[in-house]
Structure formats: C-alpha cells, structure tokens
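Each chain gets a letter, A, B and so on, in the order its sequence line appears, and its residues count up from 1.
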Amino acid sequence: MPKYDPAEIEPKWQSFWEEKGMFKTPQYSELPKYYMLVMFPYPSGTMHVGHVKNYVIGDAVARYKRMCGYNVLHPFGYDAFGLPAENAAIERKIHPHDWTMKNINTIRGQIKKLGISYDWDREVITCVEPYYKWTEWVFLKLYEAGLAYKKKAAVNWCPKCMTSLANEQVKDGKCERCDTPVTIKHLEQWFFKITDYAERLLKNLDKLTGWPEHVKTMQRNWIGESKGARIRFKVDGSEMQIEVFTTRPDTLWGVTFMALAPESPLVEQLVLPELHRELEKFLEKVGQQDRFRRGAADVEKEGFFTGRYVINPVNGERVPIYVANYVLMEYGTGAVMGVPAHDQRDYEFASKYSIPIRQVIKPAQDVVAGKAYDGPGLMINSGELTGTPVPEGMEKVLSWLEEKGLGKRAVQYKLRDWLISRQRYWGAPIPIVYCDHCGIVPVPEKDLPVKLPYNVEFLPTGQSPLMLSDEFRKTTCPKCGRPALRDADTMDTFVDSSWYFLRYVNPLLNDAPFIKKDVDYWLPVDQYVGGVEHAILHLLYSRFITMVLHDLGYLSFDEPFENLFTQGMIYKDGAKMSKSKGNVVSPDDMVEKYGADTLRLYILFMGPPEKDAEWNDSGIEGVHRFIKKAWTLIDQIISMPDRENGQLTQQEKELRRKLHSSLKKITQDMEGGFKFNTAISSLMELTNTVSDYMEKIPQENWNISVLKEFAEKFLLMISPFAPHFAEELWHRMGKNTSIMKEKWPVYDPDALIVEETEIAVQVNGKIRDRIKVPVDAGQDEVLKLALSSERVRKFVDGEPKKVLYVPNRLLNIVL
RNA sequence: GCGAGAGUGGCGGAACUGGCAGACGCGCUGGACUUAGAAUCCAGUGGGUGAUGAAUCCGUGUGGGUUCAAGUCCCACCUCUCGCACCA
C-alpha cells in the first residue's frame with residue numbers, strides 16, 4: 001500500500017491540469033455563468049498563509065460551482081502599482097518595476113503550488129502598459145464627463161511617503177500605509193467628483209443584499225448623510241449674508257451666536273478693522289493646531305469675536321459672530337448657527353465666552369444640568385410655534401423658511417471628493433498636458449498610453465519624480481502642436497484597482513478596455529472575497545467607477561459586486577503576521593511539510609472563515625492526520641475486488657445513511673454560504689464512521705459496493721478542498737476523467753429512511769431517558785414505550801397533566 | 001459618546017424554524033505496538049457529590065422574565081472586538 005505522499009502527487013496533478021487547460025474559462029457557454037473573484041494582492045513581498053486564506057476560500061467556491069454545472073470565471077492578478085511596492089523597492093535599492101515583477105513571479109509560483117484553479121490566461125497586472133493604458137482611459141472618461149477636475153486645496157500630506165493622500169487613506173490622522181502623522185499642504189491636485197454620486201452610493205446599499213451588514217454600515221457612515229436646511233442670516237449693517245447648514249432648524253429660536261471656520265473667506269471681510277491685528281494672532285494660533293487634533297472632541301474650544309452681528313430671521317434678534325476652531329470649512333458652509341442649549345459643542349463654546357444659553361426645546365423629563373439637551377420635546381420660547389412637538393415643528397419651520405425665501409431643505413454629506421494625484425513615481429501617469437496657449441488639454445485616446453519611463457530618479461522628494469524627466473515632461477500640445485508639459489503626478493493605486501474586475505473579461509484586448517457584450521455577460525461579480533480593510537476604500541471607489549461607466553453607457557449594470565464575503569485574518573502568537581515580528585507562517589514551508597491539500601483543509605477548518613483565527617501548529621497536524629487516515633482507508637477500499645452482496649444488513653444501511661446524510665449536510669453547508677469548517681468536520685465524522693465499520697466487521701463480510709460508493713462520493717465531496725488528493729485517488733479507482741469535470745453528487749433520500757429512531761424522554765422538562773421508537777410513531781405509542789422505562793417511571797408519579805411530543809425527537813411528560 | 005458584532009469545556013469551535021449543549025479538531029490522561037523514539041491504533045476527557053459503579057445535581061458573561069422546554073425569544077446590566085467620532 002503506497003503511503004500518502006503529497007510531494008509526489010501534487011506537482012503531478014498541477015501539471016496535468018495545466019497541460020489539459022482545465023482551468024481555462026470559455027468566454028461563453030450554454031451553462032449559467034458564475035464570476036468568482038478574489039481581491040488581488042499588492043505584490044510588495046511574498047505571501048504568508050493569511051493571504052492564502054482568501055484564495056483557498058475562493059478556490060473552494062469556484063471548484064464547487066463548477067461541479068454544480070456553472071461556467072466559472074476565476075481569475076487572478078496583481079495590484080502592482082503604488083506606494084506599498086514602491087516603498088519596499090526603495091528600501092531594498094531596487095527599481096520598483098524589477099522588484100514588483102520579481103514578486104509577481106514568486107507569488108504566482110506560490111499559488112500554483114497550492115493548486116488554485118485560476119485561469120492564468122486572464123492574469124492582469126496593473127503596472128504594465130496594456131493595462132494602465134486603460135486606467136488612463138478611465139481618467140479621460142471621467143474628465144470628459146466633468147467628473148475629474150483640478151483644484152488647489154488643503155490636502156492630506158504624508159511626510160514620509162512624500163505624497164498627498166485621499167481622505168479615505170488617512171486613519172486617525174495617520175497615513176494608512178506607513179502610520180506617519182499626516183500634515184496639510186496646499187497643492188493643486190486632481191480630484192474625482194465622487195460627491196456627485198454620494199446619494200446613489202448610499203441608496204444603492206439597500207439593494208446590496210448579498211453584502212455583510214457591517215461593510216454597508218461602514219460605507220453609510222463614511223458617506224455620512226445628514227438631512228436639514230440651509231438658512232441665510234443677514235449681517236447687521238451690511239448687505240452680506242451668511243449661510244449655515246443645520247439639522248435642527250427647529251432650534252432657530254435658541255440661536256445666540258454665529259460661528260465661522262477660521263479658514264472661511266468671510267472672516268477677513270467681516271472683522272472690524274480695529275480687531276484685525278488680534279484676529280491675525282488668533283488665526284495663527286489656531287492654524288498651528290493640527291487639523292486632526294482639532295477634529296477631536298477633547299480639544300479646547302477657542303473663539304474670537306469679530307465685532308459684527310447677524311440678524312436671526314425668525315425673531316429679528318442680533319447675535320454676535322465669532323470665529324471658532326471647532327467649525328470645519330470642509331463641511332456644510334463653513335459657518336454654524338450656535339444653539340448652546342441643544343448642542344454640546346455650542347454649549348461648551350458659549351459657556352467659555354459667556355454667551356447666553358436659551359432653552360427652546362422642553363424635554364419630557366428633567367435632564368442633567370451642565371449639558372446640552374438634544375433629544376425630543378416641545379418647542380418653547382419659539383414665538384408662534386411654542387408648544388409644538390419637535391418633528392412637527394421642524395416641518396413648520398422648514399416650510400416657513402422656504403416660503404419666505406430665507407432657506408431651504410438640504411442634504412449634506414461627509415464624503416469629500418477623491419484626491420487622486422500622487423507625487424510619486426510608481427503609478428499610472430495622468431494623461432493631461434499643460435499648454436501655455438490651450439491650458440489644460442487631455443491626451444487624445446489614440447495617443448494612449450502616456451508611458452511611465454523606466455530610467456528616472458524615482459526617490460521621493462516631495463516633488464513628482466517625473467518632474468525631473470525632460471524626456472517625459474516635454475511634449476507638444478495635442479491641440480495646437482506647440483511645446484507643452486505633461487502632468488508629472490501619477491494616479492492613486494486605487495484608481496487602478498477600481499476597474500480591474502472588468503479587465504479580466506477581456507484581458508488581452510488592445511483597442512478597448514473591455515467588450516461591452518462580454519462584460520455584460522460576466523458581470524456583476526457573483527461572489528467577491530476579500531479582507532474588510534477595503535470596506536470603504538476599494539469597495540467604495542469600485543462602486544463609484546462602475547456607476548460612472550454605467551452612466552456613460554459602457555456598462556449595463558451599476559453595481560459591480562453582487563455578493564461580498566469578508567474573510568477574517570490569520571493571527572500568530574496573538575498578532576498579525578509580519579516579518580518584523582517574526583511570526584510569519586509561509587505557505588511554502590507548509591506545502592513542503594504537509595502538502596497543499598493539508599494546508600488548504602486546515603485553513604478552511606480553523607473556524608468560520610469570516611472570523612479571525614489563530615494559527616496553531618498542532619491544528620494543522622490534526623488535519624494532516626485526517627487526510628492520511630482517509631487516504632489509507634480509501635486506498636484499501638479501492639484495492640478490494642468487487643463482489644456480490646445480498647440485502648443490506650443493518651450496519652450497512654447505517655453506513656449508507658451516514659454517507660448520504662453527510663452529503664446532504666455538506667451540500668447545505670456549501671449552499672448556505674461558506675460553512676467550510678462544519679463541512680470538513682462532517683467529512684471527518686464520515687471517515688470515522690467508515691473506519692469503525694471496517695474495524696468492527698471482519699474483512700470477509702465487508703460490503704464492498706457500499707464502501708466503494710463511500711469512496712467515490714467522499715472524493716467528490718472533498719475535491720473542492722483537497723483537489724490533488726481527490727484527483728489522485730479518483731484515478732486510482734480506475735476513473736479516467738478528471739474529478740474536476742464530475743458533477744457534485746446528489747444524496748439519495750431513500751438512504752436516509754430509518755425504521756427506528758432514538759428520542760429523548762423528559763419528565764417536567766428534564767431528560768430522564770433515551771428510548772428507541774419506530775420512526776413516525778404516534779404519541780400514544782411513544783408514551784407507552786416511555787412509561788415502560790424504569791428510569792422514566794421512577795419520576796412519573798400519578799397521571800401526567802400534559803404530554804408534549806415532537807415526532808422523532810422528544811417526548812415531554814408534564815406532571 | 002454613536003453604530004455594528006460577539007461572549008459556550010484547558011483551547012479552536014458545533015448545535016435546523018426554541019426541542020438530547022459541547023459535534024469535529026487540538027490538548028491532556030491511560031493503554032497497545034516498539035530496545036527506544038517517531039508514526040499508528042484503542043479507551044477516556046464540562047464540573048460537582050458518589051467509590052472506579054448505579055445514581056444524582058449544577059452548567060452556554062450576569063440578573064430577571066416568557067415557555068412543558070431557552071445557548072437560542074423578551075427586559076436590564078457587564079465585558080470584549082471592530083468601525084465612526086467637534087460633520088453643526
């Protein structure tokens with residue numbers, strides 16, 4: 001009997017699958033399509049088992065769906081441009097291109113050793129010309145649609161990466177990639193107008209029923225919709241007006257001051273001349289406050305009185321205008337009406353500067369003093385509306401304002417436009433030319449790609465490296481032909497990854513990014529698998545770009561991902577795996593030690609795949625024991641010559657029942673969504689049952705045909721998880737087709753039928769005995785059987801008050 | 001503070017619409033095989049009382065409740081994880 005030797009069988013089947021082109025996906029087929037997508041990796045190093053988890057999950061689904069009769073698209077690629085790879089390359093004094101390509105080769109090799117069934121003909125690499133040409137095209141399309149624009153703005157700047165960053169790439173005031181505190185720079189940069197899609201991005205979330213709730217919540221929070229009103233206040237003694245946004249127009253009567261953001265252009269215009277010098281001092285002080293620190297609730301409120309007043313439109317009151325550090329220029333109008341009684345921030349501010357605090361909402365119960373009250377109640381001190389309950393009053397105020405032309409209903413979002421310019425080398429060039437005569441000129445589509453030159457001093461200096469390359473920068477204006485300069489910035493990596501799932505459909509196409517008919521056939525993605533860390537970055541950007549391309553007529557769908565699954569991370573010694581911590585588990589080492597199938601099985605068996613899991617060296621040992629045991633068992637079974645058996649004995653029936661109930665259960669686990677851990681435990685149970693049978697029954701009495709039925713179905717069921725193992729034994733069984741081409745087995749309902757079943761007998765809700773009863777026996781019969789049990793009778797004293805019977809499960813005798 | 005999710009043996013985790021808590025795996029204990037180890041196999045393994053048996057009680061974060069029956073439903077609370085957080 002040959003030993004289980006993955007080192008021998010795994011490479012053999014990997015070449016077999018490759019030579020026969022078994023992973024290739026036909027572009028069209030009679031079969032229903034299924035697009036199984038995993039988030040492609042940054043090739044910034046080698047992979048650890050945490051990355052592998054994503055691909056193993058995807059492969060299990062892809063292989064299962066193929067067996068269920070789908071035409072499955074299961075592609076792979078590399079998010080190859082961008083900071084992570086570039087920073088790593090610089091650290092090693094290697095050119096980012098060379099470093100990236102080297103890593104891609106390594107990763108591809110690592111994945112091939114795992115037997116993941118990717119259609120390698122469709123591999124996509126974002127940093128090669130045939131790809132980034134079309135990333136540039138995406139930019140042009142947005143530009144043409146007025147959705148890409150350039151403006152000078154205060155932008156997030158990472159001093160270490162020496163580039164600007166999108167809001168989404170700043171976490172807790174730090175650079176998402178390197179954790180360096182982010183500062184502010186005033187730069188002229190390109191933005192994508194994602195805010196135009198804020199409402200749609202939010203609304204569509206309700207349609208995405210196949211997305212986890214927490215991801216949708218995160219996106220909702222990020223988009224941050226607030227409904228309220230924009231209201232204009234007249235400046236006293238002037239024609240000027242100040243507009244504010246508020247969610248609480250019902251508290252208008254409680255306004256006792258007005259506050260402007262320090263950056264507001266109104267500040268200069270309004271301040272009394274004699275206060276100018278003092279204002280300068282104040283602005284300087286506030287300007288030094290870190291923008292992200294300023295945005296924290298525990299920062300002391302600071303204000304400056306401009307000496308001017310506004311008139312409250314509802315009651316004609318004159319209230320002072322302040323400049324306040326807690327008012328943000330980027331949100332709303334950069335001006336806030338101060339209602340200290342009903343807003344905590346206004347309350348703190350008013351207390352500090354002795355501004356009156358006037359209550360205009362009366363809560364149903366007394367509330368804590370020293371705090372603003374922002375709950376429901378009755379309007380008071382509010383003129384005609386005094387006595388009106390809040391929701392109704394809100395409507396009345398809004399109508400009144402609109403009638404008088406003083407304000408209007410408004411929706412405000414937190415989402416800002418997407419800053420896509422990066423002052424770095426390793427990215428897709430922005431296809432824009434600056435001409436002294438024609439101004440900003442887009443590069444015509446026929447001239448794409450604007451090539452990223454290889455020989456450039458790429459070290460980050462804070463200035464775009466491409467600025468230093470005359471060869472790159474100097475060009476002629478596409479419009480007038482005079483000398484002109486190219487934009488020297490490159491695009492954010494997230495632009496590359498916001499459309500890659502479309503490119504897999506026609507990866508080799510030269511004259512277009514994709515073919516509409518093909519994309520409409522394959523998309524939306526049926527199942528997307530990846531990490532939660534992309535909940536708002538990649539997943540929001542991809543949705544946005546898809547909507548834009550849809551609106552421009554390039555796509556027939558406006559949401560790219562129908563179902564999303566976010567897998568948990570793998571930890572080691574309580575921490576994320578990282579080279580610096582030295583707790584990395586390499587898939588190569590595991591493949592060498594146990595084989596790819598064991599690694600795949602273990603990753604899926606660790607726990608529910610959406611949860612984080614701790615890597616355990618003896619855990620993988622246990623799975624390895626299981627696969628060896630199954631190997632020995634099946635190898636033994638398939639070497640037995642067939643023989644006739646008569647009627648099935650009781651044990652043989654039991655065995656078949658276990659087989660078919662496992663099949664039913666595992667199918668449910670696969671269909672019910674990603675319950676690989678329990679599916680594999682069912683395979684283990686089944687193996688144990690068969691092994692017990694073979695041990696207890698003398699060999700000459702074994703029912704070979706039942707055992708062979710087990711072997712065949714078992715191999716089919718395990719093949720999405722452990723494909724090499726399954727393929728090898730499948731062929732040893734004498735089959736000459738690949739197990740990949742087989743149908744997922746269907747359980748035999750007849751095999752599940754039993755004559756007798758065990759039920760629990762309770763007395764007053766407590767289990768007292770377990771008895772065997774005929775299946776579907778009536779209550780009377782079961783009760784009679786139960787009462788004949790000594791253990792039950794002991795507790796039954798007198799007539800039962802009530803008897804409850806759950807057929808085939810449980811009988812409860814209540815006294 | 002707001003929002004989302006989770007608390008089950010020594011550990012990872014099972015448990016369908018309320019119906020036998022702890023499947024499966026790890027670990028541990030004892031045993032077989034072996035000169036020995038590795039590997040493999042067998043038995044046991046939530047806690048208590050009891051004698052190792054029979055038996056019996058307690059047990060799913062805490063406290064209440066609904067129910068014949070609660071890990072599962074309801075109310076209150078505690079703890080942890082994640083996300084957001086001066087967004088007017």
Side-chain angles (χ1 to χ4, degrees), chain A residues 3 171-172 212-222 224-226 228 244-248 251 259 261 293-301 324-328 330-339 342-346 348-349 374 412-416 532 535-536 601-602 605-608 610-623 625-626 628-629 632 665 668 672 675 677-688 691 695 758-770 791 794 800-815:
Chain A
K3 245 185 73 193
K171 295 232 151 158
D172 300 324
E213 211 45 57
H214 68 279
V215 173
K216 289 195 277 185
T217 306
M218 280 162 77
Q219 291 211 354
R220 281 190 192 105
N221 287 342
W222 188 260
E225 184 187 63
S226 296
V244 298
F245 172 77
T246 178
T247 52
R248 293 296 303 273
T251 62
R293 284 295 307 147
R294 212 178 102 195
D298 55 1
V299 169
E300 173 85 19
K301 307 261 177 301
N325 64 342
Y326 73 94
V327 181
L328 306 173
E330 310 85 46
Y331 185 77
T333 62
V336 170
M337 62 181 217
V339 186
H342 306 293
D343 181 284
Q344 187 57 25
R345 297 152 298 179
D346 297 348
E348 286 165 25
F349 189 81
D374 58 6
Q412 179 67 43
Y413 297 96
K414 280 195 242 179
L415 185 72
R416 316 274 158 79
V532 234
I536 33 190
L601 276 170
Y602 175 56
F605 182 65
M606 287 177 91
E610 68 276 16
K611 280 188 64 183
D612 292 341
E614 173 81 23
W615 181 271
N616 182 343
D617 287 326
S618 39
I620 193 169
E621 295 272 359
V623 172
R625 275 200 279 276
F626 157 65
K628 280 193 289 188
K629 183 175 177 177
T632 312
K665 165 90 170 84
Q668 279 169 357
K675 293 186 183 159
N677 55 329
T678 50
I680 292 167
S681 78
S682 299
L683 289 172
M684 288 171 168
E685 273 184 71
L686 177 59
T687 308
N688 293 343
S691 141
E695 196 177 307
E758 193 183 75
I759 67 157
V761 180
Q762 297 182 328
V763 178
N764 284 336
K766 287 195 173 170
I767 303 285
R768 293 304 176 186
D769 201 4
R770 297 177 169 105
R791 300 154 81 135
K794 210 161 99 182
K801 207 164 89 194
K802 199 168 162 191
V803 176
L804 287 121
Y805 177 53
V806 184
N808 303 326
R809 273 179 186 274
L810 158 146
L811 180 81
N812 189 6
I813 303 167
V814 185
L815 297 175

Of the nucleotides [options], which has the atom closest to the [X] side chain?
X	options	result
A:Arg809	B:rC16, B:rC84, B:rC20	B:rC16
A:Arg768	B:rC57, B:rA88, B:rG19	B:rC57
A:Asn221	B:rG13, B:rG83, B:rC26	B:rG83
A:Ser618	B:rG27, B:rA4, B:rG19	B:rG27
A:Val336	B:rC57, B:rA88, B:rC68	B:rA88
A:Ser681	B:rA23, B:rG13, B:rG83	B:rA23
A:Thr247	B:rA88, B:rG19, B:rC20	B:rA88
A:Pro608	B:rC20, B:rA88, B:rA14	B:rA14

**Message:** Need the glycosidic conformation of B:rG65: syn if within 90° of 0, anti if not. Which one?
**Reply:**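 Anti, which is what one calls it when the glycosidic angle falls more than 90° from 0.
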Counting only Watson-Crick pairs (N1-N3 plus N6-O4 or O6-N4) and G-U wobbles (N1-O2, O6-N3), all under 3.5 Å, who is the partner of [N]?
N	answer
B:rC41	B:rG31
B:rU81	B:rA4
B:rC26	B:rG10
B:rA54	none
B:rC20	none

**Which residue lies more 5' along RNA chain B, comparing A:Asn616 with A:Ala613 via nearest heavy atoms** =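 With A:Asn616 and A:Ala613 compared, the 5'-side residue is A:Ala613.
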**Protein-nucleotide distance (A:Ile767, atom CD1; B:rC68, atom C1'), rounded to Å** =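 Checked: the CD1 to C1' distance equals 12 Å.
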**Request:** Check the distance between B:rA23's C1' and A:Glu685's CD and give it to me in whole angstrom.
**Result:** 5 Å
**Request:** With A:Lys301 as the cation and A:Tyr326 as the aromatic partner, state whether NZ or CZ is under 6.0 Å from the six-membered ring centre and within 45° of the axis.
**Result:**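 Yes, cation above the ring, under 6.0 Å and within 45°.
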**Prompt:** What closest approach, in Å, do A:Ile759 and A:Leu810 show between heavy atoms, and which atom pair accounts for it?
**Reply:** CB-N, 4.0 Å
**Request:** Could you give the distance separating B:rC73 and B:rU79 at their C1' atoms, to the nearest angstrom?
**Result:**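 My reading of the C1' atoms in B:rU79 and B:rC73 gives 23 Å.
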**Message:** Is it the case that the base of B:rC41 and the side chain of A:Arg625 share a donor-acceptor contact (distance under 3.5 Å, atom types as modelled)?
**Reply:** no
**Spacing of CD1 belonging to A:Ile536 relative to CD belonging to A:Gln219, to within rounding of 0.5 Å** =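 One finds 7.5 Å between CD1 of A:Ile536 and CD of A:Gln219.
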**Message:** If I take atom CG from residue A:Asp374 and atom CZ from residue A:Arg248, how far apart are they, to the nearest 0.5 angstrom?
**Reply:**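 CZ of A:Arg248 is found 7.0 Å from CG of A:Asp374.
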**Message:** With a sphere of 6.0 Å drawn around NZ of A:Lys675, does it hold more than 12 non-hydrogen atoms of other residues, nucleotides or ligands?
**Reply:**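 Not buried by this count: 12 neighbours or fewer within 6.0 Å.
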